[in-house]
Amino acid sequence: MDFKERIYLWEIVKGLWITLRHLVYNLFHQRSMPTLHYPEEQRPMPARYRGRHRLTQRDDGSLKCTACMLCATACPAKCIYIEAQEGLPEGTEKRPQVYNIDMLKCVYCSLCVEACPCDAIRMDTGLMPPPADSREKFIYRIEELTKYPAIKHPNPPFLHRCGKL
Amino acid sequence: MPKLTVDGRPVEVEAGQTVMNAAEKLGIEIPRFCYHSKLPVAGNCRMCLVEVEKMPKLTTSCTTPATEGMVVLTKSPKVKEGQKAVLEYLLINHPLDCPVCDKAGECDLQDQYFAFSSTPSRMIDQKVHKPKRIELGPTIKLDQERCVLCTRCVRFLEVYAHDHSLGTVNRGDRAILTVFPGRPLDNIYSLNTVDLCPVGALTSKDFRFKKRVWFLKNADSVCTFCSNQCSTVVQHDEGTIYRILPRENEKVNGPWMCDTGRLEYRFINAEERVKCPMVRRDEGQERTTWREAMEAVGAAFKAAGSRAAGLASPRMTNESLFAFAKLFVETLGSKLAGFVKADAGLVEGAPADDFLIKADKNPNTRGAEEIFAAWGVEVDGARSVLEAAEGGKLAALLVMDQALLERVPNRERWLKALAKVKFVAVASLAENELTRLAHVVLPLASWAEEEGTYTRFDGLVQRSWRAVPPRGEAKDALGLLSQVAVAAGKQALPLVAEAVFKALVAKVRCFGSLTYAAIGKQGAKAGSGAATHKVEIVNLAKDKGAGGAEARTW
Ligand code: SF4
Ligand code: SF4
Ligand code: SF4
Ligand code: SF4
Ligand code: FES
């Protein structure tokens, strides 16, 4: 280190100058700024983006999920927690009472989607989990997992899998 | 003794044995659904087909007696084709709802399909549908679609439980398993049929949908609900116990156990357990730390000197009972110790019968009697404790069993006596009448949360492994007793069960020269050469009288 570096002060002034330069420049050139005002502004997602999960429903609004726990078995992050209960007399024998995904642990691998024998879980909302201020809020329950519709997919991957496309 | 060859290997079996037995002797696997080594042979599933030279057709190995000079093939192309055909027939109307079937993962039909067939279904017509959620009784649900009509369940109930409530009716694809209308399957051994069922037709209501079986971890254990001490497997995941299954042990229970014992895990998972130490203050009991609680216990026991007393329970392990007796006799120098036996009439659970259930609901009565006798504690020590308490002569009392008052016939008398004791410490799993009158409550680990051995009424010593960690701040009995010793200003007691067992064997003669390794998973009796205490004879005589509740009037 030479003398200028050793007294620090000069380097600090240099750094602050760079910051100030960008600040002033950006103030007058807002359009060309490289960053986004997330979450109000978002980048368009690529077509095969795996968004947050969605639990699919039957026409009558009941969940397709049978609480078989194959998704929880396949999940490498162990972030799916399911409690099963006795099904309704007219539906399947078994249905979920609790279905939680801990989005902080999820690695978005979509193995759960692949494991599901009932097409009950998909990652087709195209949404990212919004920021939240507690861990608790990142645990998505049935209500959050059924809140958002699927985005129109140009190339639905699950139909590919079934050989329907 | 006929000699035959199976798959080219010679084998000799006892007369009357079947081809299946001969193959098993050689370690050759033959698939089966209806055959079970402990049940009469039915020969109705046809899965065990083998080829026998000079026989025109394939034959079922479970029903064919082994005869001299037989040449058996279990893996010939013809046999393989036969096995595939049988599986295809069984699966024609099978719903294959494995994802919601509780048996999936331990299902014989699943496993044998993958091992012996793996061919896709050719069934294109609608399957025959049958009712899927039939309440067979208080413990079991039946799915008639999944049943393969092997009748294992029917045979078990008839032979072992003398219960004829299950049966099959109708023929062909309409055949179903059922109970008589209005006569539910209500038997204390009913859940054995769930273990026996090779498919997911019979499901235990208690375990149904609670957990997929592949998540479960096993810990070998011993049932502590009656003195038969069935060998068990405790299945648990992430610190929670989900079910208890029998573990095969010819010396004790075979592959069976009773329903009461299977459900005994529920109080361990219960939310109402004592999770941290509590002390009594003017306003009632308050949570506190172990440190503070032990300070109170220590002060009381130091002040009490020889006026200290202890009550143990024959539900404790041999090791804990030994440590308990050592604490009072050797460390604290008080002979006022005893154990309180539960009165059979006051414990939940069926009366004794000729199969498994015993009248004495204390698993370790014999161990407690032998260990206390070796330490010179009188057999009726609890009575002396009670009398001393009534006379106001006790300054400090340690009770190791929270359920004491629920299980003695004269609990009013105990309540009054305990209220006269200056200081009562209760090591407990749950809050109840007894803990409410205690000055200090210490959280105690349950039998599934500690290691140890138990002595069966016939002298068989069995080992039980720890399945789950203690709930909350609970401590196992060894740790707790050692803390009491330290708090009273004495030397700590050993904490490792195996070390305690070594000391126990050295002190208590009737344990012979047993070691943990010798006991293993199947249990072991002390060598017959070892001298035994006379209490043991008394105890054996008592247990022979099945059904008799040993009510004590004190
Ligand atoms: S995407 Fe992967 S990590 Fe996330 S829940 Fe599904 S299986 Fe688990
Ligand atoms: S795999 Fe599908 S049906 Fe099974 S529990 Fe998961 S979401 Fe539900
Ligand atoms: S009984 Fe076996 S094969 Fe049949 S649905 Fe259950 S797991 Fe699947
Ligand atoms: S219920 Fe199970 S054990 Fe009973 S006959 Fe059917 S398949 Fe066999
Ligand atoms: S096992 Fe032999 S016929 Fe069923």
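Every chain is numbered from 1, with letters handed out A, B, ... down the list of sequences.
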Check Gln97(A), Lys94(A), Glu83(A) against Phe209(B) for a side chain to side chain contact (heavy atoms under 4.5 Å, CB included) and give me the one that passes.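 With Phe209(B) as partner, Gln97(A), Lys94(A), Glu83(A) yield a single side chain to side chain contact (heavy atoms under 4.5 Å, CB included), made by Lys94(A).
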
Test side-chain hydrogen bond (donor to acceptor under 3.5 Å, both in side chains) applied to Arg208(B) - qualifying residues, sequence neighbours left out: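 By the side-chain hydrogen bond (donor to acceptor under 3.5 Å, both in side chains) rule, Arg208(B) matches Glu86(A), Thr203(B).
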
Lys141(B), part contacting chain A, at a heavy-atom distance under 4.5 Å: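 Just the side chain, heavy atoms under 4.5 Å.
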
To the nearest 0.5 Å, what is the distance between CZ (Phe215(B)) and NZ (Lys78(A))?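 Atom-to-atom, Phe215(B):CZ and Lys78(A):NZ are 7.0 Å apart.
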
Crowded around [X] [atom1]? As in, over 12 foreign heavy atoms under 6.0 Å?
| X | atom1 | answer |
| --- | --- | --- |
| Arg21(A) | CZ | yes |
| Asp2(A) | CG | yes |
| Trp214(B) | CH2 | yes |
| Lys64(A) | NZ | yes |
| Lys275(B) | NZ | yes |
| Glu238(B) | CD | no |
| Glu271(B) | CD | no |

So which bits of residues 129-139 of chain B come within less than 4.5 Å of chain A, counting non-hydrogen atoms only?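 Only Lys132(B), Arg133(B) of residues 129-139 of chain B have a heavy atom under 4.5 Å from chain A.
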
Highest number of heavy-atom pairs under 4.5 Å with chain B: which of Thr92(A), Thr73(A), Leu70(A)?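 With the most close heavy-atom pairs to chain B, the winner is Thr73(A).
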
Within the 4.5 Å heavy-atom criterion, are Arg212(B) and Cys68(A) side-chain neighbours or not?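 Arg212(B) reaches Cys68(A) side chain to side chain.
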
